[in-house]
Amino acid sequence: MNAFNQKVIQEFRANHGELSGQMAGRKLMLLTTTGSRTGEPRTVVLGYKAEGDRFFILASANGAPSDPVWYRNLKVNPVATVEVGPETVAVRARTADPRERAELSTRFDYLEGQQAKTKREIPIVILERIKP
């Protein structure tokens, strides 16, 4: 999976967010966090929803029993970078509170299926643009 993700990241950056093949037309972002143990930048490819200056992502790890590493990184250091299309944006992450989660969960048609695979509650992460 890592080699596949690296290829997607390279193509995403080379083509200003446009992807080809099986990834063509998908609404994806690159999220770069700071490694909680290493302090090194870590980039992942994620699907997202957007509204105004906010992006919404699921910390599902495809229904894995534990949170994805990128989510654990954000809990330690909530400042990250998002690449969406040709734009790079600094963001601050936070986990949706129960009220927000109830509202936002309706935007992710695949959340229910992902949630059925795990006992943990899958967090919905809100990424808010950091204004310069």
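Each residue takes its place number in the sequence, starting with 1. Note that these values count all heavy atoms, side chains included, but never hydrogens, waters or copies made by symmetry.
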Open item on the list: Grouping I, L, V, M, F, W and Y whenever their side-chain heavy atoms are under 4.5 Å apart, do Y48 and F108 come out in a common cluster?
Closed with: no
Task: side-chain contact (heavy atoms from CB on, under 4.5 Å) against T34, all qualifying residues, sequence neighbours excluded - done: N77
Task: Single-linkage hydrophobic cluster V8~V44, side-chain heavy atoms < 4.5 angstrom - done: no
Open item on the list: Quick check: do V125 and W70 have side-chain heavy atoms less than 4.5 Å from each other?
Closed with: yes
Open item on the list: I'd like to know if the side chain of R54 and the backbone of I126 have a donor-acceptor N/O pair within less than 3.5 Å.
Closed with: no
Open item on the list: Treating R101 as the side-chain partner and I122 as the backbone partner, does any N or O pair qualify as donor plus acceptor under 3.5 Å?
Closed with: yes
- [ ] Scan V45, T81, V82 and name whichever one has a side-chain contact (heavy atoms from CB on, under 4.5 Å) with L31.
- [x] V82
Open item on the list: If hydrophobic clusters are built from ILVMFWY residues whose side chains come within less than 4.5 Å, do V91 and V84 share one?
Closed with: yes
TODO: Mark yes or no for whether E100, through its side chain, and D97, through its backbone, hold a donor-acceptor pair below 3.5 Å.
DONE: yes
Open item on the list: Tell me if a side-chain donor or acceptor on E83 pairs with a main-chain N or O of T88 at a distance below 3.5 Å.
Closed with: no
TODO: Could you pull out the closest heavy-atom pair between R107 and K49, with the gap in Å?
DONE: O-CE, 3.0 Å
Open item on the list: Working to the nearest 0.5 angstrom, can you tell me the gap between T38 OG1 and N73 CG?
Closed with: 7.5 Å
Task: With sequence neighbours excluded, residues passing side-chain contact (heavy atoms from CB on, under 4.5 Å) with K7 - done: none
TODO: State, to 0.1 Å, how close L28 and F12 come at their nearest heavy-atom pair, and which atoms those are.
DONE: O-CE1, 3.5 Å
Open item on the list: Rounded to the nearest 0.5 Å, what separates atom CZ in R13 from atom OG1 in T43?
Closed with: 4.5 Å
Task: Min side-chain heavy-atom separation L127-V89 under 4.5 Å - done: no
Task: Residues Y71, I57; criterion side-chain contact (heavy atoms from CB on, under 4.5 Å); working and verdict - done: CA-CA 10 Å; Y71 179 66; I57 53 179; over 6 Å; no
Task: Hydrophobic cluster identity match, F56 and L111, side-chain contacts under 4.5 Å - done: yes
Task: With sequence neighbours excluded, residues passing side-chain contact (heavy atoms from CB on, under 4.5 Å) with A61 - done: A64, P68, R120
- [ ] Could you tell me the separation between the NZ atom of K131 and the CZ atom of R92, rounded to the nearest 0.5 Å?
- [x] 13.5 Å
Task: CD-CG distance between E121 and D67, expressed to the nearest 0.5 angstrom - done: 10.5 Å
Open item on the list: For the CD atom of Q114 and the CG atom of N62, what is their distance to the nearest 0.5 Å?
Closed with: 4.5 Å
Open item on the list: Please report the interatomic distance CG(L58) to CG(L104), rounded to the nearest 0.5 Å.
Closed with: 9.5 Å
Task: Cluster check F4, L46: I/L/V/M/F/W/Y, side chain < 4.5 angstrom - done: no
Open item on the list: Run the side-chain contact (heavy atoms from CB on, under 4.5 Å) test on R72 and S66 for me, step by step, so that the C-alpha distance in whole Å, both residues' side-chain angles and the decisive distance to 0.1 Å come before the verdict.
Closed with: CA-CA 10 Å; R72 294 193 304 262; S66 59; 4.3 Å; yes
TODO: Provide the closest heavy-atom pair for T118 versus P65 in the form atom of the first, atom of the second, distance.
DONE: OG1-CA, 3.6 Å
